[in-house]
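Working notes, beginning with the structure itself.
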Amino acid sequence: IALLSNNLALNQKTKLQKAGLNGLYQYMLTSDVTGIFKPDTEIFKAVLRRFYCSPHEAVMIGNSFEEDVSGAYHAGLKPVWFNRFRLSPPETTMEYVEINGFLPVNRTLEALFSGF
């Protein structure tokens, strides 16, 4: 599990610590470290290189349709839109999965890994 954020590394680490999520990921890459911002495909590819992973082996879960879903799609990853506020999706021809929460876990896992 990798975290990819346009946020500053220090701010992101603080948020994760306050949320009790430290230790639940293996790698974090932020735009202030790379100088590259989502949806630029190069930042997604940097994470893939770190894990020796090809795009079709990866899933990107993100809450920003433009930054996360669009960026992941164009980088070749399977995009999953975490639409917790149930916003209306933009008109697009991109294929993506939409989830509104992570419970029940079995339904979320089914959505995430369908098509693999």
Side-chain angles (χ1 to χ4, degrees):
I1 296 176
L3 296 175
L4 179 57
S5 177
N6 283 346
N7 201 353
L8 298 172
L10 182 60
N11 292 351
Q12 192 65 35
K13 287 178 183 178
T14 301
K15 283 174 41 176
L16 292 166
Q17 184 177 12
K18 286 182 179 180
L21 298 175
N22 281 346
L24 296 179
Y25 59 94
Q26 297 168 305
Y27 180 65
M28 180 173 65
L29 186 61
T30 58
S31 294
D32 66 324
V33 171
T34 63
I36 305 168
F37 292 81
K38 297 181 293 179
D40 190 319
T41 59
E42 289 306 311
I43 196 164
F44 294 91
K45 292 175 184 176
V47 173
L48 294 172
R49 285 191 298 272
R50 171 70 166 79
F51 285 94
Y52 304 99
C53 183
S54 62
H56 73 275
E57 298 173 303
V59 174
M60 169 64 178
I61 303 170
N63 64 332
S64 168
F65 196 93
E66 180 59 35
E67 293 174 1
D68 301 320
V69 173
S70 178
Y73 177 83
H74 291 293
L77 289 77
K78 180 178 182 177
V80 177
W81 185 25
F82 179 54
N83 185 8
R84 65 181 168 195
F85 299 117
R86 299 178 187 270
L87 302 172
S88 296
E91 288 190 35
T92 183
T93 59
M94 290 186 294
E95 290 185 20
Y96 64 94
V97 172
E98 180 179 336
I99 60 174
N100 306 113
F102 293 104
L103 298 175
V105 173
N106 63 331
R107 189 177 311 151
T108 301
L109 291 174
E110 183 180 308
L112 294 181
F113 296 109
S114 64
F116 279 100

Assess whether side chain to side chain contact (heavy atoms under 4.5 Å, CB included) is satisfied between Leu10 and Asp32, documenting all intermediate values. CA-CA 10 Å; Leu10 182 60; Asp32 66 324; over 6 Å; no

Shared hydrophobic cluster, Tyr96 / Leu87 (ILVMFWY, side-chain heavy atoms < 4.5 Å): yes

Same cluster for Ile36 and Leu4 if Ile/Leu/Val/Met/Phe/Trp/Tyr side chains link at under 4.5 Å? yes

What distance do [X] atom [atom1] and [Y] atom [atom2] have between them, rounded to the nearest 0.5 Å?
X     : Y     : atom1 : atom2 : answer
Tyr52 : Glu57 : OH    : CD    : 14.0 Å
Lys15 : Ser5  : NZ    : OG    : 6.0 Å
Phe44 : Tyr73 : CZ    : OH    : 14.0 Å

Given Leu112 and Val97, is the side chain to side chain contact (heavy atoms under 4.5 Å, CB included) satisfied, shown in steps? CA-CA 7 Å; Leu112 294 181; Val97 172; 5.6 Å; no

Lys45/Glu42 ion pair, N-O < 4.0 Å: yes

Under 3.5 Å, is there a donor on one side chain and an acceptor on the other for Thr30 and Gln12? no

Atom of Thr41, atom of Gly71 and distance for their closest heavy-atom approach: CG2-O, 4.0 Å

Given a cutoff of under 4.5 Å between side-chain heavy atoms of I, L, V, M, F, W and Y, with clusters grown through shared members, what are the other residues clustered with Leu24? Ile1, Leu3, Leu16, Leu21, Tyr25, Met28

Linking Ile, Leu, Val, Met, Phe, Trp and Tyr through side-chain heavy atoms less than 4.5 Å apart, which residues share a cluster with Leu8? none

Which class fits the ring pair Phe102 and Phe82: parallel under 30°, tilted 30 to 60°, perpendicular over 60°? parallel

